[in-house]
Amino acid sequence: MSFVFISHPWCGLHEAGTDHPDSPDRLHAINDQIIASRLDFIIDKQQAIQATKEQLYLAHDKAYVDHVFASVPKEGVIELAPDTQLGQHSLNAALYAAGANVMAVDLVMQNKAEQAFCAVRPPGHHAEHARAMGFCFFNNVAVAAAYAMAQYGLERVAIIDFDVHHGNGTEDIFFNDERVLFCSSFESPFFPYNMGPGNEHILNLPLPAGTYGDEFMQAISEQWLPKIDAFAPQLILISAGFDSHYEDDMGHFNLVETDFYWLTAELKKLAVKHCNARMVSTLEGGYVLNALGRSVAAHIKGMMD
Ligand SMILES: [Zn+2]
């Protein structure tokens with residue numbers, strides 16, 4: 001079965017703002033490296049479809065979703081939250097970003113693909129049930145998880161988030177939903193500064209600035225992998241944030257491509273064991289273009305090998 005790479009040209013049109021780190025060039029850098037790595041010969045590239053309002057309501061407050069739809073400016077941009085600007089094309093981009101994730105869930109659940117990567121922007125993991133935040137409007141990975149549970153009756157979905165920032169939105173949405181095992185590693189103390197205490201199915205892994213790959217791997221080996229194994233997920237979702245790369249000055253971790261490959265390959269082993277290798281990954285952070293492209297290629301190889 002194939003590996004599907006899902007994106008959409010509209011995701012490049014979201015107007016995050018001049019000099020904003022979430023630049024359309026991020027998607028170009030990923031595409032360039034996919035070609036340079038010769039992955040384009042072995043992956044199945046598909047165009048995303050848009051998420052519906054009903055799909056967004058699975059993870060978000062209805063009034064909040066309607067507010068985002070009603071806020072699209074006729075010209076210029078408006079700020080829904082600090083650093084979180086909505087332009088004329090942003091809503092459509094966000095709908096394709098969430099829709100890519102819904103489409104990916106359909107493909108893996110219907111055995112039309114084993115794994116999928118969604119190269120999309122805006123990202124999603126800071127978006128809470130009823131609040132835009134940190135470049136994010138709709139929580140793409142949360143929509144994927146909620147859709148998988150609603151549409152396919154899944155009772156155990158694991159979400160792994162290795163962005164340098166805490167996935168506060170995903171924690172907020174699933175804090176009281178034991179069907180979701182949420183594992184988030186992140187620099188601490190750091191934005192968004194609101195890590196909760198977690199619970200038995202919300203596994204926060206705060207790590208200090210300057211964390212290297214060996215420390216990252218040891219912490220994940222000890223604190224996450226046995227628990228994901230015991231959880232026996234029916235689907236593994238990934239919030240793939242590459243701002244934890246050492247070249248990325250959005251954070252202060254010292255991870256490199258081989259660390260992303262290692263974690264992804266470990267998750268692949270668990271996916272093979274528990275869920276017919278079904279994995280859906282979606283782009284979160286990652287702002288230094290060369291490092292982002294190389295890291296995504298390593299991540300995709302980790303899912304394919
Ligand atoms: Zn981030």
Side-chain angles (χ1 to χ4, degrees), residues 11 14 16-17 19-27 29-30 80-85 90 93-94 97-98 101 117-128 131-144 159-173 182-196 202-211 213 216 219-220 237-257 259-260 263-264 281-296 298-299:
C11 291
H14 161 49
D19 298 328
H20 194 285
D22 183 15
S23 143
D25 289 339
R26 300 172 65 225
L27 301 183
I30 291 170
L80 281 192
D83 297 324
T84 311
Q85 300 187 83
S90 300
N101 277 264
F117 179 74
C118 302
V120 293
R121 57 186 286 280
H125 73 151
H126 292 308
E128 298 184 346
R131 185 162 73 129
M133 186 174 168
F135 312 173
C136 305
F137 302 97
F138 303 131
N139 192 316
N140 303 318
V141 81
V143 170
I159 304 176
I160 287 74
D161 184 332
F162 56 79
D163 192 278
V164 78
H165 304 99
H166 177 227
N168 63 289
T170 314
E171 170 169 346
D172 175 65
I173 291 166
F182 178 54
C183 305
S184 180
S185 59
F186 50 92
E187 180 179 335
S188 178
F190 201 38
F191 180 88
Y193 300 104
N194 62 349
M195 177 192 75
I202 303 287
L203 307 183
N204 286 322
L205 177 54
L207 294 165
T211 291
F216 177 79
I220 283 174
L237 305 178
I238 302 175
S239 269
F242 301 99
D243 43 10
S244 41
H245 194 282
Y246 87 102
E247 290 180 29
D248 201 308
D249 54 13
M250 281 290 279
H252 312 93
F253 276 2
N254 294 312
L255 304 186
V256 294
E257 294 88 310
D259 300 318
F260 299 126
L263 174 55
T264 310
S281 175
T282 190
L283 181 66
E284 300 286 0
Y287 304 98
V288 171
L289 300 181
N290 289 339
L292 173 63
R294 297 194 310 269
S295 299
V296 169
H299 177 55

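Start at 1 and go down the list; that is how both ligands and their atoms are numbered.
When ring centroids are compared, Phe162 and His299 come within the 6.0 Å threshold. Checked against the 6.0 Å centroid threshold, His125 and Phe186 do not count as a close aromatic pair.
Remark: Asp25 engages Ser23, His28, Leu289 in a side-chain contact (heavy atoms from CB on, under 4.5 Å) (not counting sequence neighbours). Checked against salt bridge (charged side-chain N to carboxylate O under 4.0 Å, His left out), Glu128 has the following partners two or more places apart in sequence or in another chain: Arg131.
For His165, the N, O or S atom with the smallest separation from the Zn ion (ligand 1) is ND1. The Zn ion (ligand 1) is closest to atom OD2 of Asp243 (considering only N, O or S atoms). The nearest N/O/S atom of Asp163 to the Zn ion (ligand 1) is OD1.
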